[in-house]
Amino acid sequence: MNLTAAAAEEEDPSPVEIHLPAEIDWEMLDKSRFFFLGAALFSGVSAALYPAVVLKTRLQVSHTPLSCFRTVTYILRHEGPRGFYRGFATSLTGTIPARALYMAALEVTKSSVGTAAIRLGMTETAAAAASNAAAGLSAAVAAQVIWTPIDVVSQRLMVQGDSPFKYRGGVDAFRKILTSDGLRGLYRGFGMSILTYAPSNAVWWASYSVSQRIIWSGMGYWFSRSRDSAAGFKPDCGTVAVVQGTSAAIAGGAAALVTMPLDTIKTRMQVMDGCEEEGKKRMTIGRAVKSLLKEGGWMACYRGLGPRWASMSLSATTMITTYEFLKRLSAKNQENFT
């Protein structure tokens, strides 16, 4: 009887209990430290990833298919390394308040929805997925109020070498767009931005939460075969960061693939003024789709997918590890979360 039980246990060992660091919610954060450190950390991350955004934008507004290598070569040859940072100052100026608004909406919603979901009797896994999805949705909508005008201005500056728009900088672009098109010009593509980023963020945060749980569960089963399961396993900070980064990369790559056509349409609406054959009429969703289909069919909607996939995956990995690190730096009682 004991041998049978031992054999069964050997064939199907129970997973090792993994003791993860305590979750830090909104109420546990020192808000001033959270926003100050967040501005500094995310500015550095944005600077590192900005060239991929410029490359992706150039490919999306191109009327003919171009390779990444050819576009990079063209920018370096005709504009130099500075070409990869066109509009960066404008983007950075808007990123700081937008990121602060994003993080505040994210944490407040996640904490509120998570607590409500548990009270309604949802399982911990389902509650985590629901709260993360709701948090991503609300954070994306809130941040777009600031991000859309910044996107419009910075993207116009990014493509100056390939478009008729000539601006001397972010302030000059802001003034000229406001003068010619009014406030509506600065919020061009706002609805499309919501359609792109809101579901993308909801899916991303839900996928990130579920991916982490799947990876930790798999590690629990793996460790049960290689060590004493009675003692459990407490991962170090490096292991936690690797799991978080891997989960973020998976979620970011999937989100990039799903929302790529929407992002291409949004970018064209914000940067371009219409088609020559239509008398340079204001770019709408319909006209953007029509021009893309004419230029290369549905595959034209996926121009710049490589840089966007790389950018979103790298961004997701660096952003989430930075974000989790930021939360631990900003905890009121840091000794409880080490």
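On a predicted model such as this, the values are computed, not experimentally measured, just so you know.
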* Kindly assign one of parallel, tilted or perpendicular to the pair Tyr208 and Trp204, based on the angle between their ring planes and the thresholds 30° and 60°. =>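 Correct class here is parallel.
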For residues [X] and [Y]: do they belong to one hydrophobic cluster (side chain heavy atoms under 4.5 Å, members Ile, Leu, Val, Met, Phe, Trp, Tyr)?
X: Val242; Y: Ile214; answer: no
X: Phe88; Y: Val271; answer: yes
X: Ile75; Y: Leu66; answer: yes
X: Ile265; Y: Met312; answer: no
X: Leu101; Y: Leu37; answer: no

* To do: Before giving the answer on side-chain contact (heavy atoms from CB on, under 4.5 Å), spell out for Ser313 and Trp309 the whole-Å C-alpha distance, their side-chain angles and the decisive distance to 0.1 Å.
  => CA-CA 6 Å; Ser313 295; Trp309 182 291; 3.6 Å; yes
Please give me the minimum heavy-atom distance between [X] and [Y], naming the atom from each residue.
X: Met158; Y: Arg58; value: O-NE, 2.6 Å
X: Ala173; Y: Leu157; value: CB-CD2, 4.4 Å
X: Gln144; Y: Tyr187; value: O-CE2, 4.4 Å
X: Ala198; Y: Ala140; value: CA-CB, 3.8 Å
X: Thr239; Y: Met219; value: CG2-CE, 3.9 Å
X: Ala142; Y: Ala105; value: CB-CB, 4.2 Å

Close side-chain approach of [X] to [Y], heavy-atom, < 4.5 Å:
X: Ile150; Y: Thr95; result: no
X: Phe84; Y: Tyr50; result: no
X: Val45; Y: Leu41; result: no
X: Leu257; Y: Tyr302; result: yes
X: Leu106; Y: Trp205; result: yes
X: Met260; Y: Cys301; result: no
X: Tyr197; Y: Asp263; result: yes
X: Lys266; Y: Ile285; result: no

Looking at [atom1] of [X] and [atom2] of [Y], how far apart are the two atoms once the value is rounded to the nearest 0.5 Å?
X: Ile96; Y: Ile146; atom1: CD1; atom2: CD1; value: 11.0 Å
X: Leu329; Y: Arg33; atom1: CG; atom2: CZ; value: 8.0 Å
X: Leu292; Y: Arg287; atom1: CG; atom2: CZ; value: 14.0 Å
X: Met192; Y: Arg188; atom1: CE; atom2: CZ; value: 14.5 Å
X: Lys176; Y: Tyr167; atom1: NZ; atom2: OH; value: 7.5 Å
X: Glu107; Y: Ser138; atom1: CD; atom2: OG; value: 10.5 Å

With no hydrogens and no angle check, is any side-chain donor or acceptor of [X] less than 3.5 Å from a backbone partner on [Y]?
X: Ser131; Y: Ala128; value: yes
X: Ser330; Y: Leu326; value: yes
X: Arg308; Y: Ala256; value: yes
X: Thr71; Y: Ser67; value: yes
X: Thr321; Y: Thr318; value: yes
X: Arg86; Y: Val159; value: no
X: Ser207; Y: Ala251; value: no
X: Thr317; Y: Gly245; value: yes
X: Ser193; Y: Gly189; value: yes
X: Arg156; Y: Gln270; value: yes

* To do: Apply the test side-chain contact (heavy atoms from CB on, under 4.5 Å) to residues Tyr74 and Arg70: give CA-CA distance (whole Å), side-chain angles for both, the deciding distance (0.1 Å), then the verdict.
  => CA-CA 6 Å; Tyr74 178 89; Arg70 184 177 176 184; 5.7 Å; no
* **Lys/Arg-Asp/Glu bridge criterion (N-O < 4.0 Å) met for Arg184, Asp181** =>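 Salt bridge flag = no for Asp181 with Arg184.
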* Just do the side-chain contact (heavy atoms from CB on, under 4.5 Å) check on Ile118 and Met122 with the steps written out, would you? => CA-CA 5 Å; Ile118 293 294; Met122 295 177 68; 5.8 Å; no
* Evaluation steps, side-chain contact (heavy atoms from CB on, under 4.5 Å), between Arg213 and Glu124 -> CA-CA 11 Å; Arg213 291 176 181 275; Glu124 187 178 342; 3.9 Å; yes
* **Exercise: do Ser91 and Ser154 side chains pair donor with acceptor under 3.5 Å** => no
* To do: Please check if any side-chain donor atom of Thr267 sits under 3.5 Å from a side-chain acceptor atom of Gln60, or the reverse.
  => yes
* Asked: Within 45 degrees of the axis of the six-membered ring of Tyr102 and under 6.0 Å from its centre: does Arg99 put its NZ or CZ there?
  ->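 Positive - Arg99 is close enough to the ring of Tyr102 and near enough to its axis.
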* **Pro307: which of Val53, Leu55, Val54 passes side-chain contact (heavy atoms from CB on, under 4.5 Å)** => Leu55
